[in-house]
Amino acid sequence: MTSLNNRVSLMDINLSAEFRSQLESLKRAGRPIISLNVGEPDFNTPEHICQAAIEAIEQGFTKYTPVEGIYELREAICTKFREENNVEYTPADIIVSTGAKQVLANALYAICNEGDEVLIPTPCWGSYPEMVKLIGATPVFVNTEEPGGAVLTADKIKQHITDKTKAIILNNPHNPTGAVYDRELLREIGNLAHEGNFYVISDEVYEYLAYEGEFFSMASISSDIKAKTITVNGLSKAFAMTGWRVGYAAGPKQVIDAMRLIQSYTTSNMNSISQKAAVAALSGSKESVDHMVREFDRRRRFIVQRLQQMQGISCLTPRGAFYIMVNVAAFFGKSYKDCMIRNSMDFSMYILNETNVLMSPGVIFMAPDYVRISYSNSLENLEIAMDRMEKALRLLTD
Ligand SMILES: Cc1ncc(COP(=O)(O)O)c(C=O)c1O
């Protein structure tokens, strides 16, 4: 067989994507699955945003756009940075791409050489290490796990900085732990980057979903830190726009220009219709966003209360995003009928087979003692899921 690219063979199988495909076929087969694995809002995209896209189509706005995105959108992004994050950018400092995912990949391609090290605090979103491997750099994991849950500190990061460190990927609010980092911690980490001359790729896609503690954008902390920060954001989570594929970056001009060059030869530009929709989202009313945030918060409080009442389960209260990490290690070694639970994958499969509730095994996030529950589902479904899960856990014996 003709061989494939060596770096592709280094990449792990994408379990989240596999689960998504499996979920479709289980649903097609008539299984009444409640999916608590997906990382997307269950709300519809707000009406005024859809309307802007319809108008774009009707007006024939269906052609190529400038690689970096239309000026109107980049201007709206600058206004958002100025008004909401207290950071000054000009449209020349911005690029829009096909989702935050493409932004992240372009940023890594733009800055990393083979052998460069990219720091990734763990638990982490599963795409980061695989992207780093794909471009030929080396992921260096900063384990933040402590007995009660994950705690990120600047000291833990410091221990992994070498002369090969090119960047750190920081996600705030955090998927999967739901952590929201305070200004002091961001300052300490940003200063490490300034002193060590490496970039902070600050993934802020869950920015609006901070229920406890205030969200601060990394680039707003100081001008020295801003000079080292590539801010990554997108509209998927904030505006319930996962399928529209809207992501953007702001950062040092040299990096943005390199990302533009990469994009010009790969995908050209983000979908023209979505660009018009994104302008409407960023400059229109945020009422629907506020509504979603309030709903997520209600669900968060509900799910924490239910999980904390379950025997053998332990979890920290998440402060942001829409995930909760649940430590299920107390069930390893237990079984029901012929199903033995040895790890978080077995745990997820047991819950799926016994209750039709799908949650993500922690291995996806480098947190093997955990499962991740996404509470971007209706309160009714969350209640049913928690009832079923509680019952299934009681069946497990040593
Ligand atoms: C931490 C994090 N960053 C980025 C993304 C990608 O978002 P997008 O839909 O904009 O590509 C996700 C999606 O799950 C995410 O969890």
Side-chain angles (χ1 to χ4, degrees), residues 14-20 23 35-43 45 49 69 73 77 80 94-108 118 120-132 139 144 150 152 167-181 200-210 215 217-218 230-250 259 263 266-267 270-271 274-275 277-278 281-282 296 318-325 359-360 362 364-367 372-377:
N14 189 334
L15 275 177
S16 297
E18 295 304 314
F19 269 37
R20 196 174 282 271
L23 182 64
S35 38
L36 305 186
N37 61 316
V38 288
E40 72 181 340
D42 55 317
F43 299 97
T45 303
I49 301 175
L73 175 54
I77 292 167
K80 180 246 171 230
I94 309 287
I95 183 165
V96 301
S97 306
T98 305
K101 233 177 189 173
Q102 196 204 355
V103 176
L104 284 159
N106 285 351
L108 286 163
V118 177
I120 305 175
T122 61
C124 66
W125 182 47
S127 293
Y128 296 146
E130 304 315 308
M131 281 186 193
V132 171
T144 70
L152 178 65
I168 179 168
I169 307 180
L170 204 68
N171 175 215
N172 176 39
H174 191 258
N175 173 12
T177 64
V180 177
Y181 302 131
V200 181
I201 300 177
S202 184
D203 179 347
E204 303 180 356
V205 296
Y206 296 99
E207 161 178 14
Y208 291 148
L209 307 177
F215 167 81
S217 185
M218 183 55 123
I230 305 162
T231 306
V232 176
N233 209 328
L235 274 52
S236 287
K237 319 289 176 175
F239 296 91
M241 290 178 72
T242 45
W244 299 73
R245 312 307 301 128
V246 184
Y248 60 89
M259 291 169 69
Q263 183 155 294
T266 50
T267 56
M270 190 188 112
N271 172 321
S274 292
Q275 290 192 48
L282 289 171
F296 283 135
R319 287 152 42 96
F322 41 61
Y323 309 107
I324 181 164
M325 287 296 270
M359 44 189 71
S360 303
I364 295 177
F365 314 99
M366 305 199 63
R372 186 196 76 175
I373 292 179
S374 163
Y375 49 88
S376 60
N377 209 315

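Whatever order the structure lists ligands and atoms in, that order sets their numbers, starting from 1.
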Open item on the list: Does either side chain, that of Thr231 or that of Glu204, offer a donor lying less than 3.5 Å from an acceptor on the other one?
Closed with: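 No donor-acceptor contact under 3.5 Å links the two side chains.
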
TODO: Report the residue from Trp125, Tyr375, Tyr206 that forms a side chain to side chain donor-acceptor pair (under 3.5 Å) with Tyr323.
DONE: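 Output: one option passes, namely Tyr206.
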
TODO: Please identify each residue that fulfils salt bridge (Lys or Arg N to Asp or Glu O under 4.0 Å) with Lys80, with sequence neighbours left out.
DONE: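 For Lys80 the salt bridge (Lys or Arg N to Asp or Glu O under 4.0 Å) partners, ignoring immediate neighbours, are Glu207.
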
Open item on the list: Going by side chain to side chain contact (heavy atoms under 4.5 Å, CB included), name the residues that satisfy it together with Ala179, two or more places apart in sequence or in a different chain.
Closed with: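 Here the qualifying residues are His174, Thr177, Tyr181.
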
Task: side chain to side chain contact (heavy atoms under 4.5 Å, CB included) partners for Asn271, two or more places apart - done: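 Side chain to side chain contact (heavy atoms under 4.5 Å, CB included) check on Asn271 returns Ile273, Ser274.
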
TODO: Name the orientation class of the two ring planes belonging to Phe296 and Phe322 (parallel below 30°, tilted from 30 to 60°, perpendicular beyond 60°).
DONE: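 Correct class here is tilted.
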
Task: Neighbouring protein residues of ligand 1 - any heavy atom closer than 4.0 Å - done: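 Correct list: Gly99, Ala100, Lys101, Trp125, Tyr128, Asn171, Asn175, Asp203, Val205, Tyr206, Ser236, Lys237, Arg245.
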
